[in-house]
Every structure is written in structure tokens, then in C-alpha cells.
Novice: 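Just dropping this structure here.
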Amino acid sequence: MMIQIPRPILLAVLLPTVATQAQTACIKGGGYEFTFDGACTKENFIEAFEDTIFDDPLLKPASCTNTVEEELAALLGEDLEAGIKATCKAAQDAKHVITLDRVPNDVGGTFVSDYYNGGTRWNTETETLQYPSDGTTPEQVLKRYAADVDSYYDHARREPFVWPNDLPQFNLEECKLKAAQCCWPQDRQANDNNGNCAKPYDTNCVDKDPGDNTDLCMVDLSYAPANNFVKSTGFTLFPGDNGNGEGAIHCHGFAWGNDDMD
């Protein structure tokens, strides 16, 4: 993710800090900003500050003898790690945030929750020239339905993403392992190099298999009562793989840490 440290944030952080430091900062004021990609680590922060600010002769006097870390300590406090984290957090808190319910902007309501529970047209419909199509113009076009997903992904790399804690699959109190995985048992998108769905959809994309990248061994039904539609606390076992087990299935997952800045 890209982190931008803008002028107002620097001024808010620097003014009370500089006044209390024994070390004298060479760079005065906060009329500058800098940006870096990745996590808010000491290394990333220092590298961006050095490249953009500290090495700029218009900002740093030639008489300055501070190292870049001494300069930052004078600006942010002797506990440099804490000062950097506080600056990043202030910058993130000030940014416009993105919520997951904005992605399917044409449907609203409980669509996002229903989608992660395995429902909605995003999970069930396949492109067709049959009804409701007029026979010429395709209908149920997944790329058109979910066109905002790519845009949302690009925005979420630059803006803070609001964690969807209201969804049971991502509830931080329920998900103690801090990991999530989504699996797809059907391919409904042609020519994406991820399954055997092909055009024309009405003949070559009926109940097709996704690119198989997972050997699913067991499902504990008690973990996800909201989306397995089975009132049970038992298990579903798949001792084999592919045709001798769960069939073709395509899964992706991610994990997250304890740090609020992750």
C-alpha cells in the first residue's frame, strides 16, 4: 500500500515534538510531504524521508551535521520507532476510507454479505445469449456486473480499507487464526486461463471446472453456519483429490497480523 505523509500531518506532528527535543533539527517547518510504498517500517520511512526531504539542498542547510536518523529523532522524538508509527497512523487516519459495500454500487442492501455466503448473481449466473438476452446482446456478463472490483482494488492500494467486521467470515472476534480463504468450485469466465469455461457460453461454459490449485481434505461445518446452509456441527471429508474427492476447486487466501498499521 502507498503511504502519503502530507504537509498538514507533518505540521501537526512536528510542532509539539520539535519544541521538546534537545537535538536541533536542521529542516524547519512542515512545508513538504513524501510518499512511500509498502508497510510503515522504520527502514521505508527513513529511505523516503532521506530521498525526498533530507537530501534536498533547498530544505536542508549545507551547514547541517545531523545524520538522517538524528534529524528524524529531532523532528519526531527520541523514540524514533514510536514517532514514525504515530506519523503514519495520523496520515492514514486523515485519508479518505473505502468500504467494501461500495463495490457492487448497483445493488446495495445485503449483497456483499450474500455474496460471501455463496449467493448473488456474481456466484451463480453465467453469461448467456438465451433469456433474458435478446439473442444478440449477451446478458449476465460477469465482467460488466463486477466492473468496479478492479477499480476498487486499485483504490484500496492507495487508500485505507475499512475492515468488513460485520461479515462473519471476517469478524475479528470470531476469526482467531487471522486467516481467510475463499474457494470456487465452478468456472464461469471464459478465456481467463483459469479453468475450462470457453465461448460460446451457452454450449462451452455449462458447469465447467476452475483451474484446480487445492486439495480440499475436510470441511468443519460448524465454522461457517452462515454460508454452508447446513445446520450441522459435523464434518465433510474428501479423502481423495479431484474426481476421487472434492472435484476441481480453486482457492485463494490471505492472513493478517496484530499490528494496526499492517
Side-chain angles (χ1 to χ4, degrees), residues 1-103 148-165 170 172-173 175 177-180 252-262:
M1 181 176 179
M2 183 175 68
I3 297 179
Q4 182 181 31
I5 312 296
R7 295 182 182 89
I9 296 301
L10 283 170
L11 282 170
V13 172
L14 297 182
L15 287 178
T17 305
V18 172
T20 63
Q21 297 306 310
Q23 178 82 21
T24 301
C26 299
I27 300 171
K28 307 299 183 183
Y32 48 83
E33 64 183 39
F34 60 95
T35 301
F36 58 91
D37 290 323
C40 179
T41 63
K42 181 179 177 180
E43 292 74 20
N44 286 343
F45 193 99
I46 288 176
E47 182 180 1
F49 177 83
E50 184 173 20
D51 290 345
T52 310
I53 310 300
F54 191 70
D55 288 344
D56 188 339
L58 297 178
L59 295 173
K60 186 183 71 174
S63 59
C64 180
T65 60
N66 287 348
T67 66
V68 64
E69 291 203 26
E70 288 173 339
E71 182 70 14
L72 278 172
L75 293 170
L76 301 179
E78 293 182 6
D79 188 345
L80 191 51
E81 295 268 5
I84 288 173
K85 288 290 185 185
T87 304
C88 287
K89 187 175 188 309
Q92 293 293 78
D93 289 347
K95 296 193 75 170
H96 175 70
V97 298
I98 300 173
T99 56
L100 196 58
D101 58 1
R102 291 177 54 193
V103 184
D148 284 342
V149 171
D150 285 341
S151 299
Y152 179 90
Y153 174 75
D154 289 336
H155 286 305
R157 298 175 66 187
R158 300 187 298 271
E159 310 292 344
F161 166 72
V162 177
W163 190 260
N165 208 51
F170 300 105
L172 296 178
E173 294 299 319
C175 190
L177 294 178
K178 294 183 170 61
H252 287 283
F254 64 95
W256 58 94
N258 295 317
D259 193 330
D260 289 341
M261 294 304 299
D262 281 353

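In this text, all values refer to a predicted model and were calculated from it rather than measured experimentally.
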Novice: For Ala180 and Trp256, which heavy atoms make the closest approach, and how far apart are they?
Specialist: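 For Ala180 versus Trp256, the nearest heavy atoms are N-CZ3, 3.8 Å.
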Novice: Measure the spacing between CG of Leu76 and OG1 of Thr87 and express it to the nearest 0.5 Å.
Specialist: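 Answer for the CG-OG1 pair, Leu76 versus Thr87, is 4.5 Å.
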Novice: Nearest 0.5 Å please: distance from the CD1 atom of Ile84 over to the OG1 atom of Thr41.
Specialist: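 So the CD1 of Ile84 and the OG1 of Thr41 are separated by 8.0 Å.
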Novice: Mind checking whether Phe36 and Phe49 have ring centres under 6.0 Å apart?
Specialist: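 Between Phe49 and Phe36, which both carry aromatic rings, the centre distance is not below 6.0 Å.
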Novice: Please list every donor-acceptor pair under 3.5 Å in which a side-chain atom of residues 55-63 meets a protein atom from a residue at least two apart or in another chain.
Specialist:
from  : atom 1 : to    : atom 2 : distance (Å)
Asp56 : OD1    : Leu58 : N      : 2.9
Lys60 : NZ     : Phe54 : O      : 3.3

Novice: Indicate the atoms forming the closest heavy-atom contact of Thr99 with Tyr152, along with that distance.
Specialist: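 Smallest heavy-atom distance, with atoms named: O-CE1, 3.6 Å.
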Novice: What heavy-atom pair brings Pro164 and Phe170 nearest, and what distance separates the two atoms?
Specialist: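 What the structure gives for the nearest pair is O-CB, 3.7 Å.
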Novice: State whether the side chain of Asn66 and the backbone N or O of Thr24 hold a donor-acceptor pair below 3.5 Å, judged by distance alone.
Specialist: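 Such a contact is found between Asn66 side chain and Thr24 backbone.
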Novice: With sequence neighbours left out, write down each residue that passes side chain to side chain donor-acceptor pair (under 3.5 Å) with Thr52, or none if nothing qualifies.
Specialist: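 With neighbours one apart ignored, the set is empty.
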Novice: Which heavy atom of Lys42 sits nearest to which heavy atom of Leu80, and what is that distance?
Specialist: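 Looks like CE-CD2, 3.9 Å.
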Novice: Quick check: are there more than 12 heavy atoms from other residues, nucleotides or ligands sitting under 6.0 Å from CZ of Phe254?
Specialist: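 Atom CZ in Phe254 is crowded, with more than 12 foreign heavy atoms closer than 6.0 Å.
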Novice: Looking only at heavy atoms, what is the nearest atom pair of Ile46 and Glu69, with distance?
Specialist: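 Heavy-atom minimum between the residues: CD1-CG, 3.8 Å.
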Novice: Contact between Glu71 and Glu50 at the side-chain level, heavy atoms closer than 4.5 Å - yes or no?
Specialist: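 The answer is no, as the side chains (C-beta and beyond) never meet within the 4.5 Å cut-off.
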